[in-house]
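Computed from heavy atoms alone, side chains included, the values below leave out hydrogens, waters and symmetry copies. When a ligand or atom number is given, it counts from 1 through the structure's own listing order.
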Amino acid sequence: METKRYDETELKEAAKALKAGELVAFPTETVYGLGANALLPNTVKKVFSVKGRPQDNPLIVHVASFEQVKEYVDNFHPETEKIVKNFWPGPLTLIFKIKKDTLPSVVTGGLSTAAFRMPDNKKTLEVIELSGVPLVGPSANTSGKPSPTTADHVFHDLQGKITGIIEDGATRIGVESTVLDLSNPTAMPMILRPGAVTKEQIEAVIGSPVAVDQHLVKENETPKAPGMKYKHYSPDTRVLMVRDSDWSIAVQWAKNKKIRAGVIASPEIADQVRTDTAAVYMYNDNSVEAAAKGLFAGLRGLDEPTLGLDLIFVQVYPETGLGNAYMNRLKKAAGQNYFEK
Ligand code: TXA
Ligand code: MG
């Protein structure tokens, strides 16, 4: 199969293919998604096999309006309207209890709940509308690899395996959406995955506290047995996080040991260590926004076999606001490991 690149004049064609059960990757403001008609179980099964994704990991249903969610959900959390009004379209996925027998169980992983998101991308919203069906959309990467933030990343992983890609340049945010559990109408909303919409922003909108999943907090701490269990978003090359005060020691250590080290960091740090490293991927500026936007592209870029790197050093950011989402993804890529003096 030759994977087609759809431009903005071909959105109708992309929508038609999706409706008919073909796989088409789509851009969003977070990362590119692997689109498929959520109502066709066999099509959704293909999504899992193309990505190599475990079947028990449920998918996000992408919609073009909140109205569309009401076809599948009738029991909403009381804060839903406020949250939707403030954050949709946008990088916030909402988990609701669904009506029985409305979505195929392959979408929900057999759960009684489902995840919904209205992405903030004009082309993708138009394609969802034109297709007339909700679209599942896991990140359009091979499972375990960094999520794709450009159409080229999608091509690299899925070329020949899917019908097409709707092209739209680099994604604006660069890390996946915040996942917020609203499935229990009497419970406090709970963040299951940190993203660009923060706990503080949601609390400001609803005027009451939001919980953060304890499991996730545990993941953010250094586990007793670091390694495979926590490894996701990983390039093949080993990744180490570097604390701000450790950069010159880390780079000197690699040089002494004849380790070919690459660096992913802000211009401020990259400029300091450039001459002593084998390759540098620089974020656009010294902000955590630029870091989140560039992290996956940097990991993919420095993982290129032609560079022959032994190790990738990556800058850390404080775990507040967007820094929570950035560090969550980085810790997984690094298997929780920091450079230690
Ligand atoms: O930004 C994003 O969310 C991107 C773009 C393409 O929209 N999509 C994305 O999908 O990241 P994926 O499949 O890589 O991540 C979906 C996350 C997983 O962590 C999954 O476990 C969780 O959402 N999820 C889905 N349904 C759920 C449910 N019913 N309950 C709890 N978690 C759920
Ligand atoms: Mg993913």
Backbone or side chain, does any N or O of [X] fall under 3.5 Å from an N or O of ligand 1?
{"X": "Thr30", "value": "yes"}
{"X": "Arg193", "value": "yes"}
{"X": "Ser177", "value": "yes"}

Any Pro119 heavy atom less than 4.0 Å from ligand 1:
no
Considering only protein heavy atoms, which is closest to [atom], and at what distance to one decimal place?
{"atom": "atom 7 (O) of ligand 1", "result": "His62 NE2, 2.7 Å"}
{"atom": "atom 28 (C) of ligand 1", "result": "Ile95 CD1, 3.5 Å"}
{"atom": "atom 4 (C) of ligand 1", "result": "Val31 CG2, 3.8 Å"}
{"atom": "atom 29 (N) of ligand 1", "result": "Thr113 OG1, 3.0 Å"}
{"atom": "atom 25 (C) of ligand 1", "result": "Pro58 O, 3.3 Å"}

Decide, counting backbone as well as side-chain atoms, whether Asn141 has an N, O or S atom less than 2.8 Å from the Mg ion (ligand 2).
no
Might you point out which heavy atoms bring Asp157 and Arg300 nearest each other, and give the distance in Å?
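Taking every non-hydrogen atom into account, OD2-NH2, 2.9 Å.
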Which atoms form the tightest heavy-atom contact between Ile206 and Pro189, and what is the distance?
CD1-CG, 4.1 Å
Answer yes when Glu126 and Lys123 have at least one side-chain N-carboxylate O distance shorter than 4.0 Å, and no when they do not.
no
Could you list the atoms of ligand 1 found under 4.0 angstrom from a heavy atom of Arg117?
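The list of qualifying atoms is 1 (O), 2 (C), 3 (O), 5 (C), 7 (O).
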Could you tell me which atoms of ligand 1, counted from 1 in the order shown, lie closer than 4.0 angstrom to a heavy atom of Ala114?
29 (N)
Please determine whether side chain to side chain donor-acceptor pair (under 3.5 Å) holds for the pair Arg260 and Thr237, giving the CA-CA distance in whole Å, both sets of side-chain angles, and the decisive distance to 0.1 Å.
CA-CA 11 Å; Arg260 277 179 67 80; Thr237 313; over 6 Å; no
Answer yes or no: does atom CD of Glu200 have more than 12 heavy-atom neighbours from other residues, nucleotides or ligands under 6.0 Å?
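Yes, because the 6.0 Å sphere around CD of Glu200 holds more than 12 heavy atoms from other groups.
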Determine the sole option in Thr124, Ile165, Thr150 for which the side chain to side chain contact (heavy atoms under 4.5 Å, CB included) test with Pro27 is passed.
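Single pass found, and it is Thr124.
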Is a donor on one side and an acceptor on the other found under 3.5 Å between the side chain of Glu10 and the backbone of Asp7?
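Side chain of Glu10 to backbone of Asp7, a donor-acceptor pair under 3.5 Å: yes, one is there.
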Counting only N and O atoms by type, is there a donor-acceptor contact under 3.5 Å from the side chain of His156 to the main-chain atoms of Asp152?
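Answer holds: no.
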Using a heavy-atom cut-off of under 4.0 Å, does the side chain or the backbone of [X] touch ligand 1, or both, or neither?
{"X": "Leu192", "answer": "side chain"}
{"X": "Asn57", "answer": "side chain"}
{"X": "Arg53", "answer": "side chain"}
{"X": "Ser183", "answer": "neither"}

Tested for side chain to side chain donor-acceptor pair (under 3.5 Å) against Ser266, the lone hit among Asn284, Asn286, Asp271, Asp285 is Asn286
Under 6.0 Å between the ring centres of Phe339 and Trp253?
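So the answer is yes for these two rings.
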Pair Phe76 + Phe96: ring centers closer than 6.0 Å:
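Yes, the ring of Phe76 comes within the 6.0 Å limit of the ring of Phe96, centre to centre.
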Using heavy-atom distances, let me know which of Gly195, Gly33, Pro54, Gly137 sits nearest atom 8 (N) of ligand 1.
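Shortest heavy-atom distance from atom 8 (N) of ligand 1: Gly137.
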